[in-house]
K.L.:
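Next up is a structure, given as structure tokens.
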2 protein chains.
Amino acid sequence: MPRKLSALDPQRLDNQICFAVYSAAHAFNRVYKPLLDRLGLTYPQYLVMLVLWERDDVPVKDIGEKLFLDSGTLTPLLKRLEAAHLVKRTRSREDERQVLIALTPQGHALKDKARAVPQSILAASDCSVSELVAMKDEIVALRDRLNAVIGE
Amino acid sequence: MPRKLSALDPQRLDNQICFAVYSAAHAFNRVYKPLLDRLGLTYPQYLVMLVLWERDDVPVKDIGEKLFLDSGTLTPLLKRLEAAHLVKRTRSREDERQVLIALTPQGHALKDKARAVPQSILAASDCSVSELVAMKDEIVALRDRLNAVIGE
DNA sequence: GGACATTCAATTGCGAACAATTAAATGTGA
DNA sequence: TCACATTTAATTGTTCGCAATTGAATGTCC
């Protein structure tokens with residue numbers, strides 16, 4: 001069994017882009033952890049806050065579409081954010097099926113405290129902004145192609 | 001506030017490489033799911049099997065180092081693989097602290113059934129092999145730089 | 001208007017992921 | 001040899017992530 005072939009063996013762990021993505025996601029999470037601990041947020045909670053800092057008072061479904069998460073994940077997460085006094089959940093009056101998520105004053109205020117986070121991540125990446133942007137665009141394009149396949 | 005600046009705002013969700021990686025990992029997982037369901041495996045279980053198909057009879061720690069996972073994740077996962085008769089867990093006689101993980105005949109046999117998986121993923125990626133390899137190498141390099149920072 | 005389907009959030013159950021701790025085995029230095 | 005640190009898995013508790021189901025509100029079609 002020639003050694004060279006292993007570099008092409010699609011069944012080898014090191015040749016799989018998916019494992020690269022999977023393990024990179026975990027590495028990011030470990031870098032974010034100490035930064036987000038200071039804000040009292042987990043990474044998925046931070047993502048929800050990023051969405052809300054861009055636009056407030058949106059139904060759960062909108063958050064789910066932006067983050068690719070469903071109510072099974074978001075409902076308990078949002079309840080925890082509410083328990084932390086960062087958001088408020090209220091049934092929409094126009095459509096009683098929807099629950100609207102709004103930031104509290106503390107939720108708004110947290111945006112400033114979170115401003116340093118992206119810079120710290122950039123530093124940890126040890127990479128130029130333009131390189132990161134190029135990688136991000138490639139990964140997003142791949143993600144979108146994968147998501148397109150899921151609906152068959 | 002000029003609209004153009006949003007493309008540079010590091011606090012915007014769409015500008016974050018980490019979210020790109022995070023959401024791509026989930027997209028991969030959703031593509032893998034129906035393929036792995038046929039094998040009776042989850043994606044992390046599939047990763048463990050990939051490691052074992054390369055080398056058998058290794059301690060839990062070795063698997064953890066390759067996959068960047070700790071015993072808190074692996075111990076219950078390996079017990080599930082053992083319950084599915086794919087691996088066998090035995091205390092090492094040379095070092096009683098270690099638990100060695102070996103494939104059962106069924107575990108070995110599953111490798112053949114899993115051969116089609118990477119091809120299906122490649123097709124779903126809708127992308128050339130060389131492009132995927134280049135992306136994979138970039139992502140691995142980024143992951144390794146991030147992991148280097150974690151030890152401080 | 002009324003039967004029917006659809007939409008939205010919540011719930012349940014299971015499998016990761018990880019921090020923190022525990023317990024046992026092994027290694028090290030005096 | 002004995003005290004002590006280190007290594008290795010296992011355990012506990014919390015939070016994701018998702019499939020599947022439920023129940024209420026809304027839309028649609030006849």
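Sequence lines set the chain letters: A, B, ... in the order given, protein chains first and strands last, and positions in each chain run from 1.
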K.L.:
Do other residues, nucleotides or ligands put more than 12 heavy atoms under 6.0 Å from A:Lys88 NZ?
P.N.:
no

K.L.:
Output yes when a side-chain donor or acceptor of A:Gln45 lies under 3.5 Å from a complementary backbone atom of A:Arg80, and no otherwise.
P.N.:
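No, the answer is negative, given that no donor and acceptor are paired below the 3.5 Å cut-off.
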
K.L.:
Check every strand shown and say whether B:Thr42 touches a base, only sugar-phosphate, or nothing at a heavy-atom separation below 4.0 Å.
P.N.:
sugar-phosphate

K.L.:
Quickly work out the A:Asp37 CG to D:dT15 C1' distance and round it to whole Å.
P.N.:
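Rounded to the whole Å, the gap is 13 Å.
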
K.L.:
Which of these nucleotides, C:dC18, D:dT26, D:dA10, is closest to any side-chain atom of B:Asp70?
P.N.:
C:dC18

K.L.:
Tell me what A:Asn29 touches on the nucleic acid: a base, only sugar-phosphate, or nothing, going by heavy atoms under 4.0 Å.
P.N.:
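It contacts nothing in the nucleic acid.
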
K.L.:
Using whole Å, report how far CZ of B:Arg91 lies from P of C:dA24.
P.N.:
11 Å

K.L.:
In terms of side-chain geometry, is the basic nitrogen of B:Asp62 or B:Lys66 positioned less than 4.0 Å from the acidic oxygen of its partner?
P.N.:
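Here B:Asp62 does not pair with B:Lys66 in a salt bridge, since their nearest N and O are not under 4.0 Å apart.
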
K.L.:
In this structure, how many angstroms lie between the P atom of D:dT12 and the NZ atom of B:Lys79, rounded?
P.N.:
9 Å

K.L.:
Side-chain donor or acceptor of A:Ser71 under 3.5 Å from a matching atom on the base of C:dA10?
P.N.:
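When only heavy-atom distances are counted, A:Ser71 does reach the base of C:dA10 through a donor-acceptor pair under 3.5 Å.
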
K.L.:
Can you measure B:His26 atom NE2 to D:dA19 atom P for me and round it to whole angstrom units?
P.N.:
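Rounded to the whole Å, the gap is 12 Å.
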
K.L.:
B:Gln98 side chain N/O closer than 4.0 Å to the phosphate oxygens (OP1, OP2) of C:dA24?
P.N.:
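No.
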
K.L.:
Rounded to the nearest angstrom, tell me the gap between atom CZ in B:Arg97 and atom P in D:dA9.
P.N.:
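Result: 9 Å.
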
K.L.:
Same cluster for A:Val140 and B:Val31 if Ile/Leu/Val/Met/Phe/Trp/Tyr side chains link at under 4.5 Å?
P.N.:
no

K.L.:
Could you tell me how far apart B:Ile63 (CD1) and D:dT8 (C1') are, to the nearest whole angstrom?
P.N.:
13 Å

K.L.:
Holding to side-chain contact (heavy atoms from CB on, under 4.5 Å), I want the full list of residues that pass it with B:Glu96, two or more places apart in sequence or in another chain.
P.N.:
none

K.L.:
Does C:dA17 have OP1 or OP2 under 4.0 Å away from a side-chain N or O of A:Tyr43?
P.N.:
no

K.L.:
Which part of the nucleic acid does A:Pro76 contact within heavy-atom distance under 4.0 Å: base, sugar-phosphate only, or nothing?
P.N.:
nothing

K.L.:
Would you mind classifying the nucleic acid contact of A:Leu69 as base, sugar-phosphate or nothing, using non-hydrogen atoms under 4.0 angstrom?
P.N.:
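Sugar-phosphate only.
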
